[in-house]
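Nothing fancy with the numbering, it's 1 onward along the sequence. Please read all numbers here as calculations on a predicted model, not as lab measurements.
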Amino acid sequence: MFARVLPFLLALSCGVPADAQDAQDLRFHSVFLRVEMAAGQPNFKTLAVDSLGKNKLDLNTMQPLRVPATAYRVSRMGQRVEYRSGEGAAEWAFQFADRRVTIRSTYSEANPPKPLVLNFDPILCHATVLGLFNDDGAVRLPALLHFPDHGTFRIRATAPGLALGYDALRDSDNFVRVTFPAATPARRQIEYQLEVAAIYPGGPQVANDPRLDGFRRDFLNIFQINPRLRVLANHAASDPCAFTVYMYSAVAVKAPPLAEGLTALDLLRQTLDRYAGGMKAYGMAHYGDSRGLPYDFLDTYPSLVMAAGDYARTSHDKAWVERNYAVVKSWADKIIQFDRDGDGLMEYPLSGNSGSWTRLVSIRPSNWWDTIGFAHKDAYANALAYRALTAMPEIARMSGRTEEAGTYTAQAAKLKGSYYDTFFNPATGVLAGWKSADGKLHDYYFLFVNGAAVTYGLLTREQGNRVWDKLLTKMKEVGYTRFDLGLPGNLIPIRREDYVHLEKRWGGPEREDGSDAFQIYENGGATACYAWFTLQALYDLGRKAEADVMLYPMLKAFEDGGFQGRGPDGMTYDWKDWNGGPHGYEGLLVDGYMTLLAALPQ
């Protein structure tokens with residue numbers, strides 16, 4: 001034990017006012033934790049956590065503390081710190097161990113304690129609480145407090161029925177706020193236990209491979225709950241996107257239990273219930289006050305059906321399926337309704353023709369890549385649609401509607417029968433991104449499109465290998481080797497006539513060939529987002545060596561926090577140019593962490 005734990009720096013005196021001592025007396029340090037307690041109020045001045053116990057503790061996740069209205073006297077004994085605003089029992093006490101913080105609140109009539117409020121700085125690290133909400137918006141315990149790229153606390157309480165306050169906001173006032181209720185006359189003492197935990201699947205093969213530290217540390221990063229909407233979102237203070245729910249479900253089905261009575265599937269179910277209840281999110285028509293969203297994105301309902309299928313298949317929750325079958329069926333039926341010409345493929349209402357996009361963004365295109373002119377027949381969204389339609393028969397059978405399963409099986413077969421012939425571009429040897437209403441193929445060597453088609457079974461093995469021979473040759477030709485930055489969505493510039501958002505900050509070019517904005521944001525920028533499709537396609541095709549060359553530099557970047565945070569110019573590292581310059585805006589974009597699934601044993 002001594003070899004793994006640095007000596008705690010708490011002095012062994014008791015009852016001495018903090019202002020009479022060196023500040024280091026309130027500091028604690030193990031390879032899992034670094035803490036400095038505040039001198040004038042019960043709170044953390046510094047809090048850093050490393051789930052892997054490798055002393056990666058440089059980052060203080062806390063916002064600067066405000067001067068409290070009440071002055072507290074702090075005392076200490078060994079590894080315990082107590083706070084009193086008057087005489088008698090300590091209102092709050094903190095006990096520290098190697099990988100645990102125990103927080104105790106005690107009630108007295110003379111000095112009733114106030115709640116303990118922790119404010120985390122999302123500019124530095126996007127903390128999130130992962131758990132299930134009560135009707136009042138509090139998150140019931142046990143739950144997780146997760147710090148992406150750093151570590152996780154599993155939080156339990158000694159008294160039943162306790163829940164944490166949870167809130168987050170960005171832009172005008174950046175914070176992630178977690179509130180621990182204080183003891184009351186009805187509960188005169190409450191104890192919270194915060195235990196450092198590393199939560200990931202894979203067994204010894206994963207646990208003992210240091211190359212997978214980024215996987216083990218960051219496996220939970222994809223799960224960020226927006227507390228105001230009570231749904232999984234881009235991060236705790238960002239938008240929910242209906243077209244990314246399938247990413248959460250793909251990770252959730254692989255996750256081990258999070259805590260007693262809490263699983264990642266519970267988080268997924270909570271999110272699906274919000275959509276089933278009518279909540280709108282980005283990618284759905286008329287979301288918020290946006291006038292640029294008159295239509296549902298083509299990848300929205302496939303994503304929701306895929307997630308529902310993942311939940312139903314893995315949880316075996318027949319009651320949930322029966323309760324929600326009608327709405328899940330309505331999602332699947334929307335996929336079929338988008339097939340306007342009867343060939344099995346969905347068509348977006350916009351033409352997708354080159355030059356059809358207005359300079360001012362009035363309508364967004366058909367999928368997640370919402371600055372690129374995907375429309376009409378969209379190869380990526382239709383790959384998701386195929387996956388969703390093949391999942392729907394099992395949902396129908398689980399709900400007792402066996403006779404309806406055939407409808408979705410037939411539609412999936414029709415889609416697959418049209419897919420390759422529609423999107424394959426003989427001029428390049430790869431699948432185009434979309435086929436516009438005028439019959440033109442729009443092909444920019446989209447890695448994620450071709451990866452999704454292979455991963456979801458729309459190409460034969462022979463077709464898949466031919467396509468990826470071409471893509472990897474093109475990657476070498478354009479000189480992309482910085483796999484530590486992730487992967488670009490496209491390998492050549494998007495032409496101005498096919499770009500939607502023409503501000504250069506968003507990758508919009510002035511030159512007709514798109515070259516002046518290439519590598520900025522979605523116009524060929526490098527990102528972890530959607531890199532999973534490339535890696536998984538290569539693994540599925542038996543091309544392990546080629547996939548590993550990309551995967552392991554990405555894993556090292558995940559371990560180093562390379563896809564989170566802001567650069568000196570305020571841009572964020574979720575998108576980068578090919579030299580590593582930041583061009584993102586979210587600060588943390590959870591979509592990129594689906595890529596970690598590629599690290600699981602194939």
Side-chain angles (χ1 to χ4, degrees), residues 18 26 35-47 49 60-75 80-96 100-122 127-147 153-169 173-195 225-228 230 236-237:
L26 296 177
V35 175
E36 181 180 352
M37 300 306 298
Q41 58 181 300
N43 215 315
F44 299 98
K45 185 177 179 181
T46 298
L47 179 62
V49 59
N60 177 19
T61 61
M62 302 294 297
Q63 286 188 332
L65 293 170
R66 298 176 180 176
V67 177
T70 303
Y72 288 83
R73 180 166 54 89
V74 61
S75 60
R80 179 182 175 89
V81 173
E82 297 182 345
Y83 290 88
R84 294 172 173 81
S85 61
E87 300 301 322
E91 287 116 292
W92 287 97
F94 298 77
Q95 182 85 24
F96 298 93
R100 177 175 295 181
V101 180
T102 302
I103 304 174
R104 180 176 295 168
S105 175
T106 302
Y107 180 84
S108 70
E109 286 75 7
N111 299 298
K114 298 175 182 178
L116 173 65
V117 180
L118 307 183
N119 287 305
F120 301 103
D121 188 345
T128 186
V129 174
L130 302 178
L132 298 178
F133 286 92
N134 289 330
D135 290 342
D136 63 359
V139 179
R140 57 184 177 265
L141 297 176
L144 303 182
L145 175 56
H146 178 64
F147 301 94
F153 284 114
R154 183 181 286 120
I155 306 177
R156 305 178 178 93
T158 54
L162 286 172
L164 302 177
Y166 176 37
D167 195 13
L169 194 63
D173 188 9
N174 287 286
F175 65 80
V176 175
R177 181 171 298 145
V178 181
T179 301
F180 290 75
T184 65
R187 283 182 170 148
R188 301 185 71 87
Q189 190 169 90
I190 296 174
E191 185 174 284
Y192 301 98
Q193 294 182 350
L194 283 65
E195 179 187 11
I225 295 180
N226 181 317
R228 299 192 173 193
R230 307 182 194 180

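For the pair Arg187/Leu162, a side-chain contact is recorded, criterion being any heavy-atom separation below 4.5 Å from C-beta on. Looking at heavy atoms from C-beta onward, Leu130 lies in side-chain contact with Ile225 at the 4.5 angstrom threshold.
A donor atom on one side chain and an acceptor atom on the other are not found under 3.5 Å apart for Tyr192 and Ser105.
The side chain to side chain donor-acceptor pair (under 3.5 Å) test applied to Asn119 returns Arg177, not counting sequence neighbours. Remark: Ser85 engages Glu91 in a side chain to side chain donor-acceptor pair (under 3.5 Å) (not counting sequence neighbours). Checked against side chain to side chain donor-acceptor pair (under 3.5 Å), Gln41 has no partners two or more places apart in sequence or in another chain. When the side-chain contact (heavy atoms from CB on, under 4.5 Å) test is applied to Thr102, the partners found at least two apart in sequence or on another chain are Gln95, Arg100, Glu191, Gln193. By the side chain to side chain donor-acceptor pair (under 3.5 Å) test, Ser108 pairs with no residue at all, sequence neighbours left out. By the side-chain contact (heavy atoms from CB on, under 4.5 Å) test, Ala168 pairs with Val176, Pro227, Ala236, Ala237, sequence neighbours left out. The ring-ring contact (aromatic ring centres under 6.0 Å, His included) search around Tyr107 returns none, not counting sequence neighbours. With sequence neighbours excluded, the residues that form a salt bridge (charged side-chain N to carboxylate O under 4.0 Å, His left out) with Glu109 are Arg188. Applying the ring-ring contact (aromatic ring centres under 6.0 Å, His included) criterion to Phe44, with sequence neighbours excluded, gives Phe94.
Side chain of Asn60 to main chain of Leu47: a donor-acceptor pair is present (N/O by atom type, distance under 3.5 Å, no hydrogens or angles). Here the side chain of Tyr83 pairs a donor or acceptor atom with the backbone of Ala38 at under 3.5 angstrom. A donor-acceptor contact shorter than 3.5 Å is absent between the side chain of Thr61 and the backbone of Phe120.
Asn111 and Glu87 make their closest contact through ND2-O, 2.9 Å (heavy atoms, listed as atom of the first residue, atom of the second, distance). Looking at every heavy atom in both residues, Thr106 comes nearest to Ala183 through C-CB, 3.9 Å. Gly86 and Arg73 get closest at one heavy-atom pair: O-NH2, 4.0 Å. Of all heavy-atom pairs spanning Val178 and Leu164, the tightest one is CG1-CD1, 4.1 Å. The nearest pair of heavy atoms linking Val117 to Asn43 is O-ND2, 2.8 Å. Here the shortest heavy-atom pairing between Pro181 and Ala163 reads CG-O, 3.2 Å.
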Open item on the list: side-chain contact (heavy atoms from CB on, under 4.5 Å), that's the test. Do Phe180 and Leu118 meet it? Break it down for me.
Closed with: CA-CA 8 Å; Phe180 290 75; Leu118 307 183; 3.6 Å; yes
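Applying the salt bridge (Lys or Arg N to Asp or Glu O under 4.0 Å) test to pairs two or more places apart or on separate chains, those with a residue in residues 156-168 are Arg156-Glu195, Arg156-Glu260, Asp167-Arg228.
Once rounded to the nearest 0.5 Å, the distance linking CG of Asp121 with CE of Met62 reads 10.0 Å. Here Leu144 contributes atom CG and Thr128 contributes atom OG1; the two are 9.5 Å apart, rounded to the nearest 0.5 Å. Here CZ of Phe96 is found 4.5 Å from CE of Met37. Values are rounded to the nearest 0.5 Å.
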Got a list of side-chain donor-acceptor pairs under 3.5 Å for residues 131-143, not counting sequence neighbours?
from, atom 1, to, atom 2, distance (Å)
Asn134, OD1, Arg140, NH1, 3.2
Asp136, OD1, Ala138, N, 3.0
Arg140, NH1, Phe133, O, 3.1

